[in-house]
Q: 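This structure is in structure tokens; I'll ask about it shortly.
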Amino acid sequence: MTAYERIYAVTRQIPRGRVATYGQVAELSGLPGQARLVGYALYRVVDPIGGDIPWQRVVNAKGKISYATRREGSDDLQRSLLVAEGIDFSPDDRIDLKRYRWQPTAPVALPDGDPSDASCG
DNA sequence: ATGGTGACGACGG
DNA sequence: ACCGTCGCCACCA
């Protein structure tokens with residue numbers, strides 16, 4: 001079980017029309033402070049548009065898409081995919097996190113990580 | 001095994 | 001609100 005797999009597992013939980021920040025995914029993945037690793041992990045899946053990982057739904061803490069030459073256009077694609085999901089971008093190409101940020105009410109279901117919710121009260 | 005890198009994030013001026 | 005800078009540490013060569 002690598003850190004990547006945990007990151008992917010969490011990313012898969014992000015519902016359509018909603019976004020999460022790198023830091024948020026990192027924390028939910030049990031990797032607080034490892035926002036950069038999330039970006040790196042998602043970089044490794046750039047292809048699977050038909051895959052199970054909605055990598056498009058992860059943006060930076062500023063509510064913006066991280067543009068980078070390395071992405072070879074996947075950054076622009078990300079914007080298109082989000083717009084297609086009904087997410088609105090401000091004229092400054094920013095997403096209102098207050099409105100679209102994913103707010104997981106229940107513990108994220110990790111492959112073999114316990115939700116630590118056994119107490120149930 | 002060691003060292004550099006990075007789709008980030010928080011802080012200071 | 002903006003930009004520059006350091007830190008974080010798993011991944012990759």
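Residue numbering restarts at 1 for every chain, and letters A, B, ... go by the order of the sequence lines.
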Q: Tell me: NZ of A:K64 to C1' of C:dC2, nearest whole Å?
A: 10 Å
Q: Please give, in whole Å, the distance from B:dA7 P to A:I7 CD1?
A: 13 Å
Q: Which comes earlier along DNA chain C counting from the 5' end, the contact point of A:R36 or that of A:R94, where each point is its nearest nucleotide?
A: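 Going by which nucleotide is closer to the 5' end, it is A:R94.
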Q: Which string of ( ) [ ] | and . matches DNA chain B, if you list each base 5' to 3' and count Watson-Crick or G-U pairs only when both distances are under 3.5 Å?
A: .|||||.||||||
Q: Figure out the CG/P separation between A:D75 and B:dG6, and round it to whole Å.
A: 16 Å
Q: Between atom CG in A:D92 and atom C1' in C:dA1, what is the gap in whole Å?
A: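 The distance from CG of A:D92 to C1' of C:dA1 comes to 10 Å, rounded to the nearest Å.
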Q: Describe the nucleic acid contact of A:G23 in one word from base, sugar-phosphate, nothing, applying a heavy-atom distance below 4.0 Å.
A: sugar-phosphate
Q: If I take atom OH from residue A:Y43 and atom CG from residue A:L37, how far apart are they, to the nearest 0.5 angstrom?
A: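 Answer for the OH-CG pair, A:Y43 versus A:L37, is 14.5 Å.
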Q: Is there a donor-acceptor pair closer than 3.5 Å between any side-chain N or O of A:Q56 and the backbone N or O of A:Q78?
A: no
Q: Heavy atoms under 4.0 Å, any strand shown: does A:Y67 hit a base, just sugar-phosphate, or nothing?
A: nothing
Q: Report yes if at least one side-chain N or O of A:R44 is closer than 4.0 Å to OP1 or OP2 of C:dC12; otherwise report no.
A: yes
Q: Of the nucleotides C:dC11, B:dA7, B:dA10, which has the atom closest to the A:T2 side chain?
A: C:dC11
Q: State which of B:dA7, C:dA10, B:dG9 makes the closest approach to the side chain of A:A3.
A: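 My answer, after comparing the listed nucleotides, is C:dA10.
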Q: When rounded to the nearest 0.5 angstrom, what is the spacing between CD1 in A:I87 and OH in A:Y100?
A: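 Output value for this atom pair is 7.0 Å.
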Q: If you check every side-chain atom of A:A35, which of B:dC8, C:dC11, C:dC2 has the closest atom?
A: B:dC8
Q: Is any side-chain heavy atom of A:R57 less than 4.5 Å from a side-chain heavy atom of A:E85?
A: yes
Q: Side chain to side chain donor-acceptor pair (under 3.5 Å) for A:R101 and A:Q24? Distances and angles first, verdict last.
A: CA-CA 10 Å; A:R101 187 193 248 258; A:Q24 181 180 3; 3.0 Å; yes
Q: Looking at A:Y4, I'd like to know if the NZ or CZ of A:R44 sits under 6.0 Å from its six-membered ring centre while staying within 45 degrees of the ring's axis.
A: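 So A:R44 doesn't make the cation-pi contact.
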Q: From OH of A:Y4 over to P of B:dA7, roughly how many Å is that when rounded to an integer?
A: 10 Å
Q: For A:S74 and B:dA7, is the shortest distance between a side-chain N/O and OP1 or OP2 below 4.0 Å?
A: no
Q: How about A:E27: does its CD atom have over 12 heavy atoms from other parts shown lying under 6.0 Å from it?
A: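 At most 12 heavy atoms, drawn from other residues, nucleotides or ligands, come within 6.0 Å of this atom.
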Q: Which whole-number value in Å describes the distance from A:R71 CZ to B:dG6 C1'?
A: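 A:R71 atom CZ is separated from B:dG6 atom C1' by 13 Å.
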Q: Take the protein atom NZ of A:K62 and the nucleotide atom C1' of B:dA7, then report the distance between them rounded to whole Å.
A: 12 Å
Q: Is there a donor N/O on one and an acceptor N/O on the other, under 3.5 Å, for the side chain of A:Y40 and the base of B:dA7?
A: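 Between B:dA7 and A:Y40, which were checked side chain against base, a qualifying N/O pair under 3.5 Å is absent.
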Q: Which one, B:dA7, C:dC9, B:dG9, comes nearest to the side chain of A:T21?
A: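 Closest of the options to the side chain of A:T21: B:dG9.
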Q: Rounded to whole Å, please give me the gap between CG in A:L31 and P in B:dG9.
A: 14 Å
Q: Is the base of B:dA7 touched by the side chain of A:R70 through a donor-acceptor pair closer than 3.5 angstrom?
A: no
Q: Using modelled atom types only, decide if a donor and an acceptor are shared between the side chain of A:N60 and the backbone of A:K62 within a distance under 3.5 Å.
A: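 It does hold such a pair.
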